[in-house]
Structure formats: C-alpha cells, structure tokens
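Notes follow once the structure below has been shown.
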Protein chains: 2
Amino acid sequence: MGVTIYDLAREAGVGIGTVSRCLNGHPHVSPQTRARVLAVAKRLSYQPHAQAQRLASRRTNTISVIIPSFTNYFFVQVLQGVQDQAAEVGVDLILYSVSHPAQIEQYLGRSLHRGHVDGVLFFSMKLPESYAARFEQMHLPLVLVDAFHPSFDSIRVQNKEGSLAATRHLLSLGHRAIAMINASLSTQPAQERLAGYRMALEEAGLVFRMDRVVIGEAGKNDGFNREAGRESMRRLIAGNTGADRVTAVVIASDVQAIGALEATRAAHVRVPEDFALIGFDDIELAQYAELTTMRQPMYDMGQLAMEKLTKRMKEPGAPATLTSFLPDLIVRRTCGAALRAPVEGTALSPQWEAEASVPTA
Amino acid sequence: MGVTIYDLAREAGVGIGTVSRCLNGHPHVSPQTRARVLAVAKRLSYQPHAQAQRLASRRTNTISVIIPSFTNYFFVQVLQGVQDQAAEVGVDLILYSVSHPAQIEQYLGRSLHRGHVDGVLFFSMKLPESYAARFEQMHLPLVLVDAFHPSFDSIRVQNKEGSLAATRHLLSLGHRAIAMINASLSTQPAQERLAGYRMALEEAGLVFRMDRVVIGEAGKNDGFNREAGRESMRRLIAGNTGADRVTAVVIASDVQAIGALEATRAAHVRVPEDFALIGFDDIELAQYAELTTMRQPMYDMGQLAMEKLTKRMKEPGAPATLTSFLPDLIVRRTCGAALRAPVEGTALSPQWEAEASVPTA
DNA sequence: TGAATTATTGGAAGCGCTTCCACAAAGATA
DNA sequence: TATCTTTGTGGAAGCGCTTCCAATAATTCA
C-alpha cells in the first residue's frame with residue numbers, strides 16, 4: 001500500500017542504504033545520487049513510516065506530558081510554553097490529563113513501556129515513590145514541574161518567598177491584622193505559602209496567630225477551589241468582630257480569591273476599603289477581577305521544562321537540577337494600593353531565577 | 001537491554017507465538033500455559049515495546065489533535081471531553097496546537113506520515129483542500145470539530161440558530177433597537193451569527209440596519225478578542241445619540257463581550273439598565289462577569305468527536321455525518337431579564353442535537 | 001605507474017513484535 | 001481400530017526502517 005524505501009531504491013537504481021542516507025541527510029553520498037533519490041521520493045510522494053523508523057532507530061521523538069486535568073489557566077499557559085518549545089525541537093507531545101488519582105499510575109505506567117516515549121514531563125502532583133525508582137532503573141528522562149524529587153530535574157515556584165512578598169506588600173500598606181485563607185496543609189504549596197505569610201509577620205514584629213489562618217474544606221483540588229474560597233471568606237467575615245479586627249487577607253490561590261470576592265460582595269463588605277485582598281497565581285480571571293496577586297511565570301516554566309528534558313535526553317548522566325522562579329507581585333485594585341498611588345498591573349519585583357544542583361539521592 | 005518475548009519464551013519453555021498469544025489474550029492457549037507465561041512476564045517485569053507492536057500490528061492507538069493555540073477556555077473544555085473519551089478507549093493523543101497558520105499544514109503533513117497515527121481530530125480552522133484530498137487518498141480517518149467539509153464527519157454548533165435565539169431573547173425583553181458587535185465576516189461563525197441576528201429582527205418586523213453592526217479590527221483571532229470588543233463598544237457608545245438610540249447589543253463572542261463590558265464601565269454606561277448585553281460561548285469568565293450568553297456544549301462536543309473518530313476507524317466506508325449542537329441560552333445579569341424575573345444561570349432551552357447524513361462529495 | 005587512501009555504494013542483519021501456517025496431541029466419531 | 005476434528009503450540013516470515021560492514025570506484029601520493 002505505502003511506498004517504501006525499497007520502491008525508491010528500485011526506481012532510482014540504488015540500494016536501500018543509500019536511499020536511507022539520502023533521506024536522512026547523512027554525509028558520504030554524492031550530490032547527484034542524493035538529488036536523484038530525493039526526486040524519486042517526491043515523485044512517488046514517499047512518506048516514511050514513523051513506527052518503523054522508531055523501531056529501528058530506537059528514538060521516538062515523542063514525550064508524554066502528565067498534567068492534572070487542566071481546566072485551569074495555569075496549565076494552559078504552561079502547556080503552551082511546552083508546546084512551543086517542543087515544536088521548536090520537533091518533538092511530539094502525548095497528553096495525559098489526570099482527572100482521577102488512579103490515572104497517575106496508569107499514565108506513568110504507559111510512559112514506561114519501552115520505546116513508548118523518550119521522556120516525561122510531570123506536573124503539579126506527587127510522584128509515587130515506586131515509579132521514581134522505575135524511572136531511574138529504566139533510565140527514562142523525567143522532569144518535574146511544580147513538584148520536587150531529589151533524583152530528577154525540577155522546576156518550581158518559590159511559594160514561600162511569594163507569599164512573603166505578598167504579606168510584606170500588605171504590611172507596607174499599613175495593615176497590621178492580616179489573615180490568611182489557605183488550602184489543605186497536606187499539600188506542599190499550601191505549607192510553603194503559609195510559611196511565607198508567617199515569616200513576613202514575624203519579621204515585622206507581629207505575632208503569628210493560627211486562629212487567623214482559615215483552611216477551607218478540602219473538596220476538589222485540595223481546597224484550591226472557588227467554593228472553598230467563598231466559604232472561608234464567609235467564615236472570616238462572620239467572626240471578624242471586636243477590637244483586633246482583620247483588615248487584610250492573603251489568599252493561597254486566585255481561584256480561592258475569586259470565591260472570596262463573591263463572599264465579600266454577598267456580605268456587602270467593600271474591597272479594598274474594608275478588606276484588602278491579595279491572591280496567588282495570576283490566572284486569567286485575576287485581571288478581570290482586578291485582583292492583586294503573585295504571578296507565576298507560567299509560559300516560561302513550560303518552555304524551560306521542555307528545554308531541561310531535551311538536555312537530559314542528551315546527557316542522561318548529569319546531576320539533577322532544581323530551578324526556582326520567584327513570582328512577581330502584580331498590583332491591581334483589591335489590595336488597596338491604588339487608593340494611595342494609582343499603579344495598574346505593574347510588576348514591582350523583577351522576575352528572578354535561581355538554579356541549584358541537587359545531590360542525587 | 002529490555003526483556004523481549006524471546007526471553008519470556010525461553011524462560012517459560014514455550015515458543016514466541018505462544019507468548020504473544022498469552023499476552024494479548026488470544027484464545028486457543030491452555031489456561032496452564034497462559035498462567036505460566038504471565039507469571040514469567042511479571043517476574044521479569046516485561047514491558048512490551050510499543051513501537052514494535054505498532055509496526056507489526058499496523059495500528060498505533062494514537063490520534064493527533066490539531067487545535068488552534070488554546071489559550072482559551074473553549075478549547076480546554078472540548079479537549080477535556082476528547083481526552084476523557086480517549087482514555088476510555090485506550091487511545092493516546094498527540095497534541096498539535098497551532099499558533100501560526102503555516103503550522104496547520106506542517107502538522108497535517110506530519111499526521112499523514114504512514115503509521116504515525118490512526119486518525120486526526122481537526123478543530124476550528126479551515127481544512128486546506130489539498131490536504132482534504134490527501135486524507136481521502138490515504139484513507140486516514142478525520143473528524144472536524146467546529147469546521148466543515150463535505151467529505152468528512154463534522155461536529156458543529158448552530159451559530160445562526162444561536163444568535164437567532166440570543167436576539168429573540170432581547171426582543172422578548174422589549175428591546176427594539178438592537179445592535180450587534182461582530183468579528184471579521186471572513187470567518188464563517190461571524191457570518192452565521194450575523195445571519196441569525198438579522199433573521200430575528202426581520203421576523204419581528206424590524207428593519208435590519210448594517211450601520212448597527214459594528215465589526216472590530218480583526219487583529220488576533222479574526223477579531224474574536226477582548227481588545228476588538230472593547231474598541232467596538234467604545235465606538236458604539238460614542239455614536240449612540242439621537243432618537244433611535246440602541247438599547248441592547250448582541251455580541252458574537254464572550255471574549256468580545258468581556259471587552260465590551262470594560263468599555264461600558266469606562267464610559268459609565270450601566271449594564272443592563274442603559275445597555276443590555278448578550279454574548280456567545282459561555283467561557284469561564286462569563287460566569288464571573290455575570291454575562292448572559294449562548295452556551296456551547298463544549299465537553300460533549302469533544303467527547304462526541306472522539307466517538308465519531310473511533311467509529312470511523314472501524315467503518316471507513318460509512319457516509320460522512322454532520323452533527324449540529326444548538327447552543328443554550330444562559331440567562332445572567334447583563335441582559336436585564338433579572339430586572340423582571342430573577343432567574344440565575346438557568347438553561348431555558350434544552351440542548352438539542354441534530355444528525356444528518358451528508359452526501360460524500 | 002603502482003600502492004595507499006578516500007569517497008561512495010549495496011545490502012545483510014536486526015529492531016521486537018504479530019500472524020500465519022504447519023504440525024503434534026488429544027478427543028470424538030464411526 | 002482407523003479416521004476425522006479440535007485444541008494447543010512452535011517458529012518462520014515479515015512489518016519498514018537504520019546501521020553496520022564489506023566492496024567497489026575514484027583520487028592522491030611517492
């Protein structure tokens with residue numbers, strides 16, 4: 001049915017080896033021969049058979065991307081960075097979006113089939129330890145994004161520094177009683193964001209009070225969701241009486257902040273006059289909601305992830321690296337800074353990138 | 001390096017054919033033999049070599065998805081439907097997101113490589129005629145979503161009926177001077193949405209006036225973007241004086257409507273009191289912006305697309321089909337209906353699906 | 001001019017699997 | 001008991017390519 005290199009060889013009066021060399025641009029073929037073979041290939045509209053090439057060459061030029069079910073802007077943006085970089089180097093992406101935890105192992109398992117893919121990008125989830133071992137054993141390149149494991153390259157956002165900066169910003173606006181709305185502390189980002197909040201308070205000489213940290217019902221996405229944000233804010237507003245009233249809130253994610261804004265509206269609480277808010281992530285909605293937030297450089301993270309994976313495929317032995325991105329403070333309406341000096345959507349801190357070698361476990 | 005069926009055969013004391021039959025669940029193997037082979041496979045942690053299987057079996061269990069650079073919620077949702085259905089039937093997705101027109105042909109070409117994929121899903125773009133011919137010639141299954149070609153299965157949204165319903169809704173609220181903000185009429189959705197608007201006016205005995213149709217600067221995405229919407233609304237507001245003032249606007253997409261809302265806010269025009277708005281698509285932002293809109297059943301479209309492709313791979317000869325989805329009217333704040341009867345986010349019309357056979361060209 | 005390189009070329013081997021055909025063993029039928 | 005089925009099994013062939021190695025032709029060097 002299809003045209004094979006044997007057909008080309010016969011038609012051009014050369015051997016199959018020569019045909020292969022011509023098609024793949026190898027040296028040591030005379031220009032005339034190459035021209036003739038390519039002409040024949042064109043005339044017969046030859047298409048290489050992808051699977052045969054892959055079987056013979058032992059490279060697939062394909063990687064798999066395992067990502068939480070990406071109904072959210074963060075992943076779309078990161079994925080765009082990955083995709084653009086992949087197109088650049090001619091690699092295909094097989095997409096596995098995980099909507100149920102069991103699928104993590106299922107998809108990792110598929111990726112581990114010999115010859116299925118040349119590498120794997122793994123996003124924002126905990127890498128099961130047993131699979132970590134299998135990746136090492138099979139020498140399959142793996143890069144973690146928004147996740148960490150000592151044996152593999154990873155790319156992270158400095159969550160602690162981010163919420164540190166967010167809290168400092170509220171402090172600099174004069175707030176002294178600052179609460180936090182967080183998601184389940186079983187997740188690392190939630191822990192780290194809490195730590196940054198705490199550190200900012202303490203370095204300002206304020207007391208960290210756990211009763212000012214509102215943890216939403218976990219539910220979907222470990223509590224990083226709108227409903228949890230709405231409910232948390234409702235509780236915060238309800239209990240916010242007395243002399244030591246809270247005047248500002250650091251929220252662990254934008255989706256929660258969006259929910260929180262809905263709660264303020266419902267309770268006729270004015271933002272930012274009665275309550276200053278700051279989120280985390282800078283999702284698309286944040287701009288529309290005029291939410292002050294910490295922006296993650298999503299596109300860049302995706303692009304860098306793909307670059308790291310490419311590099312790793314070339315140099316399997318190199319030590320694992322960790323790159324951290326520092327989120328940018330994006331000042332909009334909800335923090336109240338504009339009440340003093342009207343600055344719209346400006347990045348106050350330059351984006352900063354740290355690279356470090358991690359001792360291989 | 002890897003464990004092959006030869007290793008299993010030797011270890012289990014059987015032939016390679018038997019091993020293959022055991023692994024693939026073929027009949028005509030004795031239960032004892034099967035158990036023994038599977039035990040050995042497990043012990044040696046055998047992984048089939050994907051490419052070898054594909055080469056030998058001539059099936060890849062992979063399809064490619066060619067989609068416009070999906071920074072928008074519509075595609076994310078559709079893709080989620082595709083992905084879930086693909087996981088269901090055990091098919092891998094190779095994602096090609098097109099950010100530059102030239103990439104359309106590049107990716108289509110890749111998909112046409114023999115043995116690369118078993119089928120293709122093509123989204124929201126015009127299928128180049130030359131490639132249509134090549135798909136037919138190579139008998140490569142192809143399903144179009146939000147696009148149409150007589151030779152292939154397609155899934156569409158009834159744009160005309162959608163904006164007809166949108167316009168009727170505004171008419172039913174008593175508006176008589178209704179404008180439209182549209183994108184470039186070189187695209188089919190824009191044309192169809194215009195036609196529905198016009199039809200609704202005419203069936204209500206009103207005169208269709210082209211000077212009430214504001215077409216934004218094309219720019220990104222043929223004018224389906226926020227800036228175009230903002231600019232269009234600004235022009236509309238600026239020219240909206242005199243006795244025949246416009247009181248409502250049908251907007252061709254939600255992203256434009258979001259831009260339009262920004263323009264109303266900037267001009268201190270109240271929505272819906274001074275200006276009733278209705279969008280199209282029901283993107284995520286629409287809910288937050290309380291935008292009345294026509295919802296496209298995105299997830300279902302994705303799922304159906306994958307189902308059609310699967311069916312087509314099984315029955316290559318069947319005639320091409322066209323399925324149209326009718327968008328739902330989602331009533332929120334911006335149309336002003338709530339000023340009369342407070343109905344929040346309710347679907348007024350049931351979702352409806354039409355199937356029709358299309359004569360193969 | 002002859003020997004030694006160097007530039008090309010042909011094609012066998014092999015990637016790891018599926019599938020088919022041939023054949024043996026075990027029942028079933030007469 | 002002899003013959004026909006059925007069931008189970010082994011392994012060659014082949015999927016279409018890349019990559020060697022050996023062989024040949026062209027060129028250079030002394």
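Below, chain A is the first sequence line, B the second, and so on; all start at residue 1. Computed from a prediction, not measured in an experiment: that's the story for all the values here.
- Nearest nucleotide to the A:Thr18 side chain, out of C:dC17, C:dT19, C:dT9: C:dT9.
- Side-chain nitrogen and oxygen atoms of B:Ser20 include at least one within less than 4.0 Å of the OP1 or OP2 phosphate oxygen of C:dT18.
- Following rounding to the nearest Å, B:Gln51 (CD) and D:dG16 (C1') show an atom-to-atom distance of 13 Å.
- Listed candidates were C:dC17, D:dC15, D:dT9. Nearest to the side chain of B:Thr4 is C:dC17.
- Counting only residues at least two apart or in different chains, side chain to side chain donor-acceptor pair (under 3.5 Å) contacts with residues 123-134 of chain A comprise A:Ser124-A:Asp146, A:Glu129-A:His149.
- Between the CZ atom of B:Arg10 and the C1' atom of D:dG10 there is a distance of 16 Å, rounded to whole Å.
- Toward the 5' end of DNA chain D, the nearer of the two residues B:Thr33 and B:Ser57, judged by each one's closest nucleotide, is B:Thr33.
- A donor-acceptor contact under 3.5 Å is not formed by the side chain of A:Arg54 with the base of D:dG16.
- For the helix from C:dT1-D:dA30 to C:dA30-D:dT1, the axis fitted to the five pairs at one end and the axis fitted to the five pairs at the other end meet at an angle of 40° (nearest 10 degrees).
- In this structure, B:Arg114 contributes its side chain and A:Val3 its backbone to a donor-acceptor pair below 3.5 Å.
- Checked by atom type, the side-chain pair B:Asp84/B:Tyr299 shows a donor-acceptor distance below 3.5 Å.
- Looking at the side chain of A:Arg21, the nearest of the listed nucleotides D:dC17, D:dC20, D:dT19 is D:dC20.
- Between A:Phe152 and A:Phe135, the angle of the ring planes goes over 60°, which puts this pair in the perpendicular group of the 30/60° scheme.
- Formation of a donor-acceptor pair under 3.5 Å by the B:Arg34 side chain with backbone atoms of B:His26 is found in this model.
- Taking all atoms of both residues into account, the shortest heavy-atom contact from B:Gln103 to B:Ser97 is OE1-O, 3.8 Å.
- In terms of phosphate contacts, B:Gln53 brings a side-chain nitrogen or oxygen within less than 4.0 Å of OP1 or OP2 of C:dT18.
- B:Arg58 places a side-chain N or O within donor-acceptor distance of the main-chain N or O of B:Ala56, the cut-off being under 3.5 Å.
- Nearest to the side chain of A:Tyr46, among C:dG16, C:dC17, D:dC17, sits D:dC17.
- Note that CG of B:Asp92 and CG of A:Asp92 are 11.5 Å apart. Values are rounded to the nearest 0.5 Å.
- Rounded to an integer number of Å, the gap from CZ of A:Arg34 to P of C:dG10 is 14 Å.
- Spacing between atom NE2 of A:His26 and atom C1' of D:dC17 amounts to 12 Å, rounded to whole angstrom units.
- Atom-to-atom, CZ of A:Arg59 to P of C:dC15 comes out at 17 Å; the value is rounded to the nearest Å.
- Map A:Gly17 and A:Ala52 each onto its nearest nucleotide of DNA chain D; the residue landing nearer the 5' end is A:Ala52.
- Taking every side-chain heavy atom of A:Ala56 into account, C:dC15 is the closest of C:dC15, D:dG10, C:dC17.
- Between the CZ atom of B:Arg58 and the C1' atom of D:dC17 there is a distance of 14 Å, given to the nearest Å.
- Between C:dC17, C:dT19, D:dT19, one nucleotide has an atom nearer to the side chain of B:Pro48 than all others, and that is C:dC17.
- Following rounding to the nearest Å, A:Ile16 (CD1) and C:dC15 (P) show an atom-to-atom distance of 16 Å.
- Which of D:dC15, C:dT18, D:dT9 sits closest to the side chain of B:Leu55 comes down to D:dC15.
- The phosphate of D:dT9 (OP1 or OP2) has a side-chain N or O of B:Ser30 nearer than 4.0 angstrom.
- Atom-to-atom, CD of B:Gln47 to C1' of C:dC15 comes out at 18 Å; the value is rounded to the nearest Å.
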